[in-house]
Amino acid sequence: MLAKRIIPCLDVASGRVVKGVNFVDLRDAGDPVEIARRYDEQGADEITFLDITASSDDRDLILHVIEEVAAQVFIPLTVGGGVRRVEDVRRLLNAGADKVSINTAAVHNPQLIADASGRYGAQCIVVAIDAKCADSGADAKGAASGWEVFTHGGRRPTGLDAVAWARRMQQLGAGEILLTSMDRDGTREGFDLALTRAVADAVDVPVIASGGVGNLAHLAQGIIEGGADAVLAASIFHFGEYTVRQAKEYMASRGIEVRL
Amino acid sequence: MTTIAVIDYGMGNLRSVSKALEHVAPQARVQVTSDPAAVAAADRVVFPGQGAMPDCMREMEARGLRPAVLAAAQAKPFLGICIGLQMLFESSDEGGVRGLGVLAGRVRRFAREAMHDKEGRRLKVPHMGWNQVRQRTAHPLWSGIDDDTRFYFVHSYYAEVEDQRIESGVSDYGLPFTCAVARDNIFAVQFHPEKSHTAGLRMLLNFVDWNP
């Protein structure tokens with residue numbers, strides 16, 4: 001039986017791992033290659049790197065990080081952040097990424113998803129969706145499901161309905177959806193389970209739940225209640241609270257199929 | 001020095017495959033190539049694959065690789081991965097394309113209506129993640145790998161073999177499907193050994209040591 005996946009996420013800025021709370025207050029958490037190796041040894045099913053480098057001078061550092069990780073870690077690697085053109089996808093795949101995650105650029109230019117998927121295959125195109133619960137009054141016009149897509153790290157509303165957007169991205173060639181609740185991200189209160197369930201039920205491709213994990217029970221909820229195919233978490237692993245192995249053992253104890 | 005040609009038909013991520021081979025066989029020369037002469041000269045050939053089979057067949061033709069790939073599949077230790085397994089068969093539902101026809105059978109898409117697990121929960125397509133592989137035959141490439149070990153899969157199509165004797169591994173996703181085939185000098189897998197951690201690296205090492 002197919003195992004549900006646990007995916008540690010490394011936010012990388014200028015070649016170092018950082019993790020912010022609600023995208024501010026970045027704390028230095030270490031060397032990405034070393035951390036990726038540790039997660040690999042603990043049994044991570046995949047590793048995701050989110051490049052949040054602000055300075056364009058440092059943009060290419062992520063390529064070196066990926067090259068180095070890919071030479072030592074033999075599990076799937078996903079890289080996202082700043083991917084705007086098919087050329088960016090190619091460079092990341094050539095550096096050793098197995099999948100590339102696209103967020104803001106998909107909103108600005110949905111055709112990018114069709115082009116990248118057509119060129120490299122849906123299996124390596126992940127569309128990242130940052131969603132926020134729409135205020136029921138003012139700006140809910142585009143968000144029939146109750147969740148609106150945001151870009152630019154959760155700062156810019158798009159008027160797009162998150163569930164409809166996920167469907168559209170699947171049609172254009174996304175092989176997987178990485179769904180982050182911007183309301184929960186960094187809060188440690190658990191996934192937005194209703195959002196996760198709404199998107200997971202709406203698409204045929206796998207959905208990765210993200211945003212808000214504070215303990216192991218949250219991971220299990222994402223699968224059992226949210227209907228996610230994979231769960232992504234950052235801080236609970238970075239600061240040594242839990243190992244990936246502990247997370248898997250806990251999920252197994254809840255009856256979830258995992259790779260141990 | 002053993003040379004291993006990793007066939008590049010211009011589509012996917014070949015770095016993963018070459019890096020993994022270099023990792024398990026530091027003494028070998030691993031060459032990512034789209035040159036038919038280099039494929040012909042290599043001791044071993046790996047045909048990795050990602051993306052879609054129609055693109056694979058088109059690019060293989062465009063680069064003049066077809067005769068070299070066919071020759072390798074008839075004579076040398078040959079490892080097909082993912083699309084590299086699918087293209088060995090006669091045809092695929094994906095774009096109605098014809099394959100090399102080295103193996104009898106056709107490639108089918110996971111049927112949407114059949115995609116439910118035993119509890120009736122919907123299964124997503126692509127089949128993406130770590131799934132167990134039952135070994136149907138003893139084979140040098142399974143050496144040191146336990147039965148039911150998990151490997152990493154990502155695909156929407158699978159091979160339906162005509163001759164059950166070539167079936168070397170089976171996995172379950174809505175239905176049991178062939179995920180490894182073996183015949184003479186050919187071994188081909190639907191999963192990605194280069195992304196399957198210890199077990200995958202062991203399979204690649206087994207391939208490098210294999211003398212069919």
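- Rounding to the nearest 0.5 Å gives a distance of 13.0 Å between CG of A:Asp45 and CE of B:Met128.
- Considering B:Leu201, B:Thr198, B:Val24, B:Leu204 in turn, B:Leu201 is the only one that fulfils the side-chain contact (heavy atoms from CB on, under 4.5 Å) rule with A:Phe74.
- In terms of heavy-atom proximity, A:Asp40 sits nearest to B:His197 at OD1-CD2, 2.9 Å.
- Between chain A and the options B:Arg122, B:Met115, B:His155, B:Lys19, heavy-atom pairs under 4.5 Å are most frequent for B:Arg122.
- Heavy atoms closer than 4.5 Å to chain B are found nowhere in A:Ala122, neither backbone nor side chain.
- More than 12 heavy atoms of other residues, nucleotides or ligands lie within 6.0 Å of CZ in B:Arg106, so this atom counts as buried by the packing criterion.
- Using a 4.5 Å cut-off between heavy atoms, A:Val203 contacts chain B through both its backbone and its side chain.
- With values rounded to the nearest 0.5 angstrom, A:Gln123 atom CD is found 15.0 Å from B:Phe153 atom CZ.
- Minimum interatomic distance between B:Pro126 and A:Val205 (heavy atoms only, all atoms of both residues): CD-CG1, 4.0 Å.
- With rounding to the nearest 0.5 Å, the separation of OH in B:Tyr152 from CZ in A:Arg5 is 5.5 Å.
- Residue contact with chain A, scored on non-hydrogen atoms closer than 4.5 Å, involves the backbone and the side chain of B:Ala20 alike.
- Residue A:Asp204 touches chain B through both its backbone and its side chain, counting heavy-atom pairs closer than 4.5 Å.
- The CD1 atom of A:Ile75 sits 11.5 Å away from the OG atom of B:Ser16 when rounded to the nearest 0.5 Å.
- Residues B:Arg15 and A:Asn94 fail the side-chain proximity criterion, which asks for heavy atoms closer than 4.5 Å.
- Using a 4.5 Å cut-off between heavy atoms, A:Ala230 makes no contact with chain B at all.
- Side-chain atoms of B:Lys124 come within 3.5 Å of backbone N or O of A:Ala200 as a donor-acceptor pair.
- Between the side chain of A:Arg259 and the backbone N or O of B:Asn131 there is no donor-acceptor pair closer than 3.5 Å.
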